[in-house]
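Order of listing sets the numbers, starting from 1, for every ligand and every atom in it.
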Amino acid sequence: MDKMTDTAIATLHYGDKSLQLPILKGTVGPDVIDVRKLYAESDAFTFDPGFTSTASCQSALTYIDGDAGILLHRGYPIDELANNSSFLEVCYLLLNGELPNAADFAKFEGNITNHTMLHDQFDRFFQGFRRDAHPMAIVLGAVGALSAFYHDSLDTSDEHQRMVSAHRLIAKIPTIAARAYKYSVGQPFVSPRNDLGYAENFLRMCFAVPAEDWKPNPTLSKAMDKIFILHADHEQNASTSTVRMAGSTGVNPFACIAAGIAALWGPAHGGANEEALNMLKEIGTVDKIPEFVQGVKDRKYKLMGFGHRVYKNYDPRAKVMQETCHQVLAVVGDPDEPLLQVAQELERIALSDEYFISRKLYPNVDFYSGITLSAMGFPPEMFTVLFALARTVGWVSQWKEMIEDPQQKINRPRQLYTGPAKRPYVPLDKRG
Ligand code: SDX
């Protein structure tokens, strides 16, 4: 695992001390300054709220060059994977490090396909939610509850059990997500079928009804599969870091993924796709864009689906998502969808406006996904559920990498204390 090479030294002068800190190089991307011995040798911490300059781990899964707008999974560019691979093949790649040969892929796909069902008693778990619960609340609870049903393989120190749990999560998350949707619309649950592909099986579990035969649409199944690939993994984002933080305590993987789902739900992170569509609907028509943009500049609200902590260029996923949006609208919905016109004009205006240019704000993966998913029949409250469904493979692959990293230990950041200095207790009758 340890691919870092220790080549040079950074010297830190602090008070009367001069510290020699190793500089570590990865395969590609910024070097890191190894500060692990800083506190022991200087009695000082580093300070980096939001971790804008901090590498929390070493990883071989995903590389992002934010300035160049590059995203690689195990070295393969995201657009090449999205346009040539399948989501399950990308799952194999993220989990195992290499694209599978035909025999290995058939075995992996067969394993996932044969574990998509949930324990029969699990379905009663859904009945405990209000019908108007947000589907993310249901998925969050259900994934955490998996540790109450599948506790025969929770020994994180056992490689085989780690892979069993990883496969179970990848296999069952579409069934859970589809059940969350069906429950929210008051329709009966639809069981997975072993003769359908991963994305097609999910679409059928969401949109099939007992009253009529479900008609597959290869364009939509392919689009769904591609959207899953675009959301599979993304380095040490907030929800992945949450999964790693939880996993560093040794808790079971189902609880870790539930923690990741909770973090993803936030509007600054995975909840942005739902907010971006709501924003486009609020703008409504192209002529209202200038007034909305002025509101952004006046800091009344953010431009949802724009900006990124790492990408200071166009998010490469957004390009593929826009292409997918056109493909979907050509088959369902309106190729001249007014919201797409608004989105494209908003993007054009933002990319030519100094306020956004100076802040390096570009569309991210969430900007076009809402229009696409809406045209496919999903309500906005399901958008982040779809993000979580796809990101489950990234979370579980990062969790597995962390467990297998010999340098890994329980995550325990420190702080800059700014509270009161030590003071004596004051009894109630002595307080002013
Ligand atoms: C995802 O980390 C990942 O990899 C996440 C993700 C993944 O796959 O896991 O890529 C998925 O979460 C994509 C991002 C989805 N979120 C949104 O679309 C919400 C809108 N975006 C913003 O909230 C924001 O851009 C963030 C949260 C994504 C990034 O915030 P940062 O890195 O803290 O940005 P910043 O505060 O340093 O911004 C710099 C400037 C600031 O202006 P000034 O104070 O310097 O004048 O840009 C402004 C910000 O106010 N700004 C925006 C803006 N994003 C940043 N202004 C208007 N609209 C925005 N969207």
Side-chain angles (χ1 to χ4, degrees), residues 48-56 59 61-67 69-73 78 82 90 94 136 227-244 257 260-280 282-283 289 292-321 343 346-347 349-351 353-371 380 383-384 386-395 397-398:
D48 186 16
F51 310 117
T52 51
S53 301
T54 293
S56 61
S59 178
L61 276 159
T62 291
Y63 172 69
I64 301 172
D65 181 331
D67 293 328
I70 290 171
L71 168 57
L72 307 177
H73 290 316
I78 187 64
V90 172
L94 288 169
M136 275 298 278
I227 292 169
F228 288 161
I229 292 173
L230 295 178
H231 291 80
D233 190 53
H234 211 241
E235 202 208 64
Q236 305 310 318
N237 58 83
S239 52
T240 297
S241 299
T242 301
V243 170
R244 280 180 171 260
I257 302 309
I261 293 171
L264 185 74
W265 196 359
H269 190 12
N273 48 23
E274 181 176 350
E275 295 303 324
L277 185 70
N278 293 339
M279 174 190 74
L280 294 173
E282 188 187 324
I283 294 170
I289 291 176
F292 176 81
V293 167
Q294 190 52 54
V296 173
K297 293 178 179 177
D298 296 342
R299 297 169 182 279
K300 290 179 183 168
Y301 33 72
K302 297 260 188 190
L303 184 51
M304 300 311 281
F306 258 70
H308 199 278
R309 172 59 56 80
V310 176
Y311 289 124
K312 301 308 173 189
N313 197 325
Y314 212 104
D315 181 337
R317 302 169 296 175
K319 285 196 173 76
V320 181
M321 181 58 78
L346 180 55
E347 174 188 342
I349 291 172
L351 294 187
D353 186 303
E354 187 47 35
Y355 181 89
F356 300 94
I357 294 169
S358 62
R359 291 168 176 78
K360 297 185 177 181
L361 300 177
Y362 292 86
N364 60 50
V365 68
D366 295 310
F367 190 61
Y368 286 102
S369 57
I371 301 170
F383 296 173
T384 310
L386 300 175
F387 195 149
L389 187 167
R391 186 53 58 88
T392 293
V393 65
W395 288 330
S397 301
Q398 297 266 357

Q) Within less than 4.0 angstrom of ligand 1, does R317 place any heavy atom? A) yes
Q.
Taking only non-hydrogen atoms of R299, do any sit less than 4.0 angstrom from ligand 1?
A.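 Yes.
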What residue and heavy atom of the protein are closest to [atom], and at what distance?
atom                    : answer
atom 17 (C) of ligand 1 : A272 CB, 3.4 Å
atom 12 (O) of ligand 1 : H269 ND1, 2.9 Å
atom 16 (N) of ligand 1 : A268 O, 3.0 Å
atom 6 (C) of ligand 1  : H308 NE2, 3.6 Å
atom 2 (O) of ligand 1  : N237 CB, 3.3 Å
atom 57 (C) of ligand 1 : V296 CG1, 3.6 Å

For [X] versus [Y], what's the shortest heavy-atom pair and its separation?
X    : Y    : result
L351 : F306 : CD2-CE2, 4.3 Å
V243 : I257 : CG1-CD1, 4.2 Å
A350 : L303 : CB-CD2, 4.1 Å
A263 : H269 : O-CD2, 3.8 Å

Q. What's the spacing between I64 CD1 and N237 CG if we round to 0.5 Å?
A.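 Rounded to the nearest 0.5 Å, the CD1-CG separation comes to 7.5 Å.
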(Q) Measuring from atom CG of N273 to atom CG of N278, what distance do you get when rounded to the nearest 0.5 angstrom? (A)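 Taking CG in N273 and CG in N278, the distance rounds to 10.0 Å.
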Would [X] count as being in polar contact with ligand 1, using the rule that some N or O on each side must be under 3.5 angstrom apart?
X    : result
F306 : yes
Y301 : no
A238 : no
V365 : no

Q) Mind checking whether E235 and T240 have side chains closer than 4.5 Å, heavy atoms only? A) no
Would you indicate which of [options] comes nearest to [atom] when only heavy atoms are counted?
atom                    : options                : answer
atom 54 (N) of ligand 1 : L361, N364, D233, D366 : L361
atom 50 (O) of ligand 1 : K360, R359, K302, H234 : K302
atom 60 (N) of ligand 1 : T62, V310, L303, V293  : L303
atom 31 (P) of ligand 1 : M304, R309, K312       : R309

**Q.** Other residues, nucleotides, ligands: >12 heavy atoms within 6.0 Å of K297 NZ
**A.** yes
Q: For atom 9 (O) of ligand 1, decide whether some protein heavy-atom distance is shorter than 4.0 Å.
A: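 Yes, there is one.
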Q. Are any non-hydrogen protein atoms located under 4.0 Å from atom 35 (P) of ligand 1?
A.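 No, there is no protein heavy atom closer to it than 4.0 Å.
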Q.
Could you check, using the six-membered ring where one of them is a Trp, whether Y311 and H234 have ring centers closer than 6.0 angstrom?
A. yes
Q) Does the separation of the ring centres of Y362 and F367 fall below 6.0 angstrom? A)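 When the ring centroids of Y362 and F367 are compared, they turn out to be at least 6.0 Å apart.
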Q: Quick one: do D298 and Q294 satisfy side-chain hydrogen bond (donor to acceptor under 3.5 Å, both in side chains)? Show the steps, please.
A: CA-CA 6 Å; D298 296 342; Q294 190 52 54; 2.9 Å; yes
Q. For ligand 1, which atoms have a heavy atom of R391 less than 4.0 angstrom away?
A. 7 (C), 8 (O), 9 (O)
Q: Run the numbers for me: atoms of ligand 1, each under 4.0 Å from some heavy atom of G305, listed by number.
A: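 So the atoms of ligand 1 that pass are 17 (C), 18 (O).
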Q.
Side chains of D233 and T62: any donor to acceptor distance under 3.5 Å?
A.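 Note: T62 and D233 side chains meet the donor-acceptor criterion.
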